[in-house]
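Everything quoted here is computed from the prediction, not taken from an experiment. For this chain, numbers begin at 1 and follow the sequence in order. Worth knowing before you read on, the calculation uses all heavy atoms, side chains too, and leaves out hydrogens, waters and symmetry mates.
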Amino acid sequence: MPRTRQMFEAASILSAFLSAASIPHAFYGGFTSVALGSPRDTEEMCCVVEGGFKAIRSAIQGSEIMTANQSSWSGRLFVTYHDPIPPLEIEILKAGETGPKRINPSNVMIINQLPFLSISEFIRAKMNDWVLYVNHPPPMTPVDLPFLPSASHGSEADAHDIIFVLCTYTQAVDLNRIQENEMDRFIKLYPGSNAAYAEELSTRPSSPPPSDPSAMGLSLNTHLPNPPQVPPLVAFWSMSFRSPASPTKNHVTPPNNPH
C-alpha cells in the first residue's frame with residue numbers, strides 16, 4: 001500500500017476513535033500539504049484536539065493497532081499506528097497552542113472525509129512553527145525542544161508548505177488571520193516577485209474556490225501543479241496588504257467550510 005494511503009488510513013482510524021469520544025479535532029502538519037497535492041515527501045502528521053491528553057489516551061485505550069505514548073521530559077503525546085511497516089506516528093497538539101482554541105466548521109475543511117485545519121488556519125499555524133524554528137535554530141538543547149510545536153517540522157519544510165498552499169489556494173486565504181510582521185519576515189528570507197503571477201491574481205474571478213478540496217476533485221491520486229520555483233510572495237503580499245487603492249488591509253473572505 002502506498003505510504004500516503006497508509007497516512008490517510010491512520011488518520012481515518014484515529015479520527016474514528018476521537019469522534020466516538022466526542023473530541024473535536026482537525027489534522028495538521030506536512031500531511032495537510034500532501035493531502036492538498038504537494039509533492040513534498042513527508043510523514044509529518046499532527047492532530048489538533050480540544051481538551052487534554054488524558055482524553056486522547058482514553059479514546060484509544062484497548063486498541064490493538066494504535067497506542068499513545070507521552071514523553072516524560074517534553075510532555076509531547078504521540079499516537080502510533082502499528083499496522084504498516086514501519087509504523088506511523090501522529091503527534092497530538094492542543095488547540096490554542098497550535099491552531100484555533102476551538103475546532104468548529106468555521107476553521108475546518110474536509111479532505112477525503114477527514115477534518116483538517118482550514119487553509120487560513122494551516123498557514124497561520126505553519127507560520128508560527130516557522131517563526132519558532134527560526135528563533136530556536138539547531139543545535140537545540142532539551143530546554144528548546146518543548147517550544148517547538150511539532151515533532152518533525154523544520155524551517156525549510158515549513159517554508160515549502162507555506163509557499164505551496166499560499167500560492168495554490170490564494171483566494172481561500174483570510175489574510176487577517178496571518179500576522180503581517182511574520183509574513184514580512186518570511187518574504188525577506190524567501191523573496192520573489194512575479195509580474196505574471198500578480199497579473200493572474202488580478203484577473204481571477206471574484207468568487208473563491210470551495211474550501212473542501214474533495215469538491216475540487218482532489219483525491220489520493222490527484223496532484224495539483226507544482227508551485228512556482230521562485231515563489232511570488234512579495235507580489236501577492238503587496239497586492240493584498242499594501243495596494244495604493246486600498247488604504248486598509250484587504251479582507252479576503254474565506255468560503256464557508258463544511259462539516
Does the pair N69 and T67 meet the rule for a side-chain contact (heavy atoms from CB on, under 4.5 Å), with working shown? CA-CA 7 Å; N69 300 284; T67 57; 3.7 Å; yes
When you look at L14 and I60, which way does the side-chain contact (heavy atoms from CB on, under 4.5 Å) test go after all the steps? CA-CA 8 Å; L14 176 59; I60 63 173; 4.2 Å; yes
Does F122 form a ring-ring contact (aromatic ring centres under 6.0 Å, His included) with Y28? I'd like the steps, not just the answer. CA-CA 7 Å; F122 171 80; Y28 167 67; 5.8 Å; yes
Could you go step by step and tell me if F8 and F31 meet the ring-ring contact (aromatic ring centres under 6.0 Å, His included) rule? CA-CA 9 Å; F8 271 96; F31 178 42; 5.0 Å; yes
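At a threshold of 4.0 Å, the pair E121-K101 does not count as salt-bridged, since none of the basic side-chain nitrogens sits closer than that to a carboxylate oxygen.
Between F17 and M66, some side-chain heavy-atom pair lies under the 4.5 Å cut-off. A 4.5 Å side-chain heavy-atom check between E91 and M45 finds every atom pair outside the cut-off. At least one side-chain heavy atom of V173 sits less than 4.5 Å from a side-chain heavy atom of I178. Residues I103 and H25 have side chains not in contact (no heavy-atom distance under 4.5 Å, counting atoms from C-beta outward).
Y133 and N128 share no donor-acceptor pair across their side chains, judged by distance under 3.5 Å alone.
Between the side chain of S33 and the main chain of G30, a donor-acceptor pair closer than 3.5 Å is present.
Interatomic distance, CE of M127 versus CG of D158, reported as 9.5 Å (0.5 Å rounding).
Tested against Y81 for a side-chain hydrogen bond (donor to acceptor under 3.5 Å, both in side chains), the candidates E89, Q6, E9 yield a single pass: E9.
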